[in-house]
Every structure is written in structure tokens, then in C-alpha cells.
Amino acid sequence: MVKARRGMGSREWGVGSGHSIRGPHSALPIPHSRFAPGDAVRVSDRAVVGHCRTPWYLRGKAGVIASVHGTFRDPETLAYHKPGLPAQPLYKVRFRQRELWDRYAGPSGDELEVDIYEHWLENRE
Amino acid sequence: MHDDHDQGHHGQDRHAPPQKDHDAGPMSAYEVLEEAVRALLIEKGVLTPEEIAAQVDLMDSRNPALGAKVVAHAWTDRAFKKRLVADTRAALAELGIDIGTLAEFRVVENTPEVHNVIVCTLCSCYPKMLLGIPPAWYKSLAYRSRTVVDPRGVLAEFGVSIPDDVTVRVHDSTADLRYIVLPMRPKGTKGWSEEKLAAIVTRDCMIGTALPRAGV
């Protein structure tokens with residue numbers, strides 16, 4: 001127990017001194033990302049048990065990569081006091097509101113943008 | 001106390017204050033958990049009570065006036081605005097604002113073509129280091145669920161009407177980024193000082209549920 005605490009000690013996790021060191025939610029300098037802005041993607045329609053930052057209402061929905069935010073630790077394991085590795089590229093994905101909601105009342109140009117980690121995105125032809 | 005004090009409403013505690021004390025009644029499971037974890041962190045020497053108090057003070061020092069100052073500066077300095085949108089963290093540091101390392105920040109700019117609105121459907125992610133503690137409604141299930149499904153309906157309830165030829169772009173901040181809206185500088189503010197401009201930039205303007213007005 002004591003060893004484990006040392007392994008992921010307070011400094012690494014930003015506890016107590018979160019404003020002077022790199023916290024768990026800061027971008028990591030891992031350059032490779034599978035998608036580029038403009039790429040057509042689909043949100044994976046799979047179930048997950050536990051903590052997950054991909055909203056249910058987007059499962060299986062088609063969108064387009066708007067931008068690449070960088071690489072961040074995986075919240076699905078980070079939430080359980082693991083290091084959140086391998087880190088995941090994080091994208092801003094743009095959706096058309098009318099493709100998300102059958103009865104969307106607004107104009108066809110309305111959009112929704114959501115930050116989604118790479119392991120939740122699939123190629124769309 | 002007056003004699004009529006005893007003639008309280010039947011079934012009600014006549015001594016009950018008009019507003020419930022925030023710590024009245026049994027603690028919720030999360031309140032118990034917070035107290036227990038806090039006590040353990042102190043006991044094990046991970047944190048001191050002074051550090052906890054300092055962090056609470058830091059959060060309390062952050063409020064919408066800070067965000068308004070940033071917006072007003074962006075309105076008066078075009079080059080700063082560009083830097084603010086391109087690299088929010090670095091631009092805020094120019095103004096002496098440290099947003100910490102717990103999240104990255106992005107500024108989304110309203111234009112004649114796009115109106116931005118911020119929500120967090122999963123919980124209540126909010127740019128606290130710039131705007132302070134979020135309003136209660138921001139955390140409500142109604143705002144969080146309705147803003148993604150019917151943003152124009154929600155905006156209308158805030159008194160904001162966006163023309164149909166303007167895109168409403170909702171940002172659901174689900175991950176490591178916090179968003180703040182850079183509203184458009186309203187007409188009738190030419191020559192205003194940054195201080196005067198900052199005064200019309202309300203918290204809701206930076207969430208996207210209000211528009212700044214020169215007349216307010």
C-alpha cells in the first residue's frame with residue numbers, strides 16, 4: 001500500500017500542489033494521432049462498464065474531426081487510480097444536430113461539438 | 001417573541017427558519033465521504049488544513065469578473081484576441097492569470113455566423129479557474145440535457161434569440177478541456193475603456209446564454 005502510494009505519489013497526480021506541476025489532465029507530448037481535421041468518423045457503439053467520458057447519446061453517430069487537442073491520459077482507467085496509459089489522442093468532433101436528433105427543431109446548420117478520445121472513434125467511408 | 005408565534009401552520013415546525021440551513025438534516029453519502037477523505041489526507045500528511053483553506057480561497061478569488069477582464073482586453077486588442085483563441089493558456093498567462101494544470105482551456109469566439117453555448121452533459125465541467133463556481137442551473141439536469149437537444153429553446157428561456165441564419169454551436173465539454181465563450185463586442189461601445197467594457201460582460205455571456213449589451 002505504501003509502495004503504491006509512492007508509485008503514484010502526490011506530485012505526479014497534482015494533489016496538494018496542482019498549480020505548479022503537470023496534472024493528470026494536461027496534454028502529453030505524444031504526437032501520433034490516427035485522424036486529422038476533416039476526417040469522417042463514427043462514434044463506437046459499444047457498451048462500457050464504469051467511468052467513461054463518451055456520452056451515450058453519441059454512440060453510433062456520424063461526425064467530422066474539427067480539431068486535434070493533443071494526447072491525454074485515458075479517463076477510463078485514470079478514474080480508478082491507474083496512470084491512464086496508454087494516453088489517448090483527444091479530438092474535437094463536430095456533429096450536425098439534425099443527425100443526432102430526429103426531431104431537432106432548429107435550422108439544418110446547427111452543430112454540436114464534443115471532445116472524444118481516439119479509442120471511441122472509427123473510420124467512416 | 002409575539003403571542004401569535006404559537007399559532008403556526010399545522011404540521012409545520014414553527015421554529016423552522018425560512019431558509020433551510022445548508023447543513024441541516026443527515027449528511028449525504030458524498031458529504032460523509034468528503035469529510036472522511038479530507039480527514040485521512042490530513043492525518044496521513046498528504047495535505048494540511050492550511051493548504052485546503054488556501055485552495056478554497058483561490059477558488060473563491062476566481063469569479064466572472066476575471067473572465068470579463070479577459071474578454072474586454074480581447075475586444076480592445078486584436079492581436080491579443082488572436083493569441084487568446086490560438087493558445088488560451090499562454091494568452092491568459094500574459095494577463096497574469098494562472099489556470100492551473102487540472103484542465104486545458106479553449107476560447108470559442110462568437111461571430112456573425114456562429115453563436116456558441118457551453119454545457120457539460122456528463123457532469124458539470126466548467127471553467128472555474130476563470131469564472132469561479134458555476135451557477136446552480138448550469139449543474140441542473142434540465143440545463144445539461146436540454147441544451148444539447150434544444151439549444152435554441154433553452155436560449156429563448158434566457159431571453160436570447162439567435163436568427164436562423166446563424167449557426168448555434170453547442171460545446172459539450174466531456175473531457176480535459178474547459179470552454180469559455182468570447183462574445184461579440186456589441187454596437188454602441190466605441191471608445192469605451194476596458195473597465196467599462198468588462199462591466200457589461202456577464203457570466204452568462206461567457207457561457208453563451210446571454211449577449212452583452214451596451215445599454216445595460
Side-chain angles (χ1 to χ4, degrees), chain A residues 1-2 5 9-11 13-28 51-58 66-67 69-75 78 84 87-88 90-97 100-117 120, chain B residues 37 41-42 44-48 50-52 54-55 58-59 89 98-106 108 113-123 125 129 144-156 162-179:
Chain A
M1 185 64 196
V2 173
R5 288 178 66 89
S10 61
R11 292 214 156 268
W13 288 84
V15 176
S17 54
H19 300 284
S20 57
I21 51 96
R22 179 177 287 276
H25 302 285
S26 300
L28 299 170
H51 185 78
C52 175
R53 305 299 304 178
T54 305
W56 277 104
Y57 70 87
L58 292 174
S67 60
H69 288 313
T71 305
F72 293 82
R73 292 173 198 262
D74 181 358
L78 198 57
Q88 289 288 328
L90 179 64
Y91 301 90
K92 174 142 249 204
V93 185
R94 183 172 296 171
F95 300 87
R96 289 189 166 280
Q97 287 280 31
L100 296 181
W101 319 106
D102 290 340
R103 290 182 294 167
Y104 187 73
S108 60
D110 283 3
E111 298 167 344
L112 182 117
E113 291 194 353
V114 187
D115 298 331
I116 301 179
Y117 299 91
W120 277 94
Chain B
V37 171
L41 288 170
I42 292 168
K44 296 203 174 278
V46 179
L47 289 171
T48 66
E50 290 77 15
E51 283 176 310
I52 295 172
Q55 186 66 22
L58 174 71
M59 286 318 307
R89 173 180 291 278
D98 176 10
I99 53 166
T101 54
L102 289 177
E104 290 301 324
F105 271 55
R106 290 283 188 279
V108 287
E113 292 81 35
V114 178
H115 177 82
N116 296 284
V117 190
I118 313 299
V119 65
C120 172
T121 56
L122 293 178
C123 44
C125 295
M129 293 303 279
R144 286 161 44 216
S145 51
R146 291 185 55 221
T147 301
V148 287
V149 181
D150 181 22
R152 287 174 187 266
V154 170
L155 289 175
I162 304 297
D164 275 2
D165 61 347
V166 174
T167 294
V168 169
R169 184 178 292 157
V170 177
H171 301 262
D172 186 357
S173 55
T174 51
D176 296 85
L177 288 95
R178 300 293 171 266
Y179 291 90

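In this text the structure is predicted, and so the values were computed from the model without any measurement. By convention in this document, chain letters (A, B, ...) are assigned in the order of the sequence lines, proteins followed by strands, and residues within each chain are numbered from 1.
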Please classify the contact of [X] with chain B as side chain, backbone, both or neither, using a heavy-atom distance under 4.5 Å.
X	answer
L90(A)	side chain
P55(A)	both
R103(A)	neither
F95(A)	neither

Nearest 0.5 Å please: distance from the [atom1] atom of [X] over to the [atom2] atom of [Y].
X	Y	atom1	atom2	answer
E111(A)	H171(B)	CD	NE2	9.0 Å
E113(A)	N116(B)	CD	CG	7.5 Å
C123(B)	R53(A)	SG	CZ	4.0 Å

Minimal heavy-atom distance between G109(A) and T167(B), with the atoms involved, is O-CG2, 3.2 Å
Please report the closest heavy-atom contact between D115(A) and T174(B), naming both atoms and the distance.
O-OG1, 2.6 Å
Are [X] and [Y] close enough that some pair of their side-chain heavy atoms sits under 4.5 Å apart?
X	Y	value
S67(A)	R106(B)	no
D176(B)	Y117(A)	yes
L177(B)	H69(A)	yes

What option among [options] has the most heavy-atom pairs under 4.5 Å with chain A?
options	result
V149(B), D165(B), D164(B), V119(B)	V149(B)
A54(B), P151(B), S173(B)	P151(B)
V148(B), V108(B), D150(B)	V148(B)

How would you list, by chain and number, every residue that makes a side-chain hydrogen bond (donor to acceptor under 3.5 Å, both in side chains) with T121(B), sequence neighbours excluded?
D172(B)
Quickly, which of R152(B), H115(B), R169(B) forms a side chain to side chain contact (heavy atoms under 4.5 Å, CB included) with D110(A)? Name it, please.
R152(B)
Just wondering, more than 12 heavy atoms not from R96(A) lying within 6.0 Å of its CZ?
no
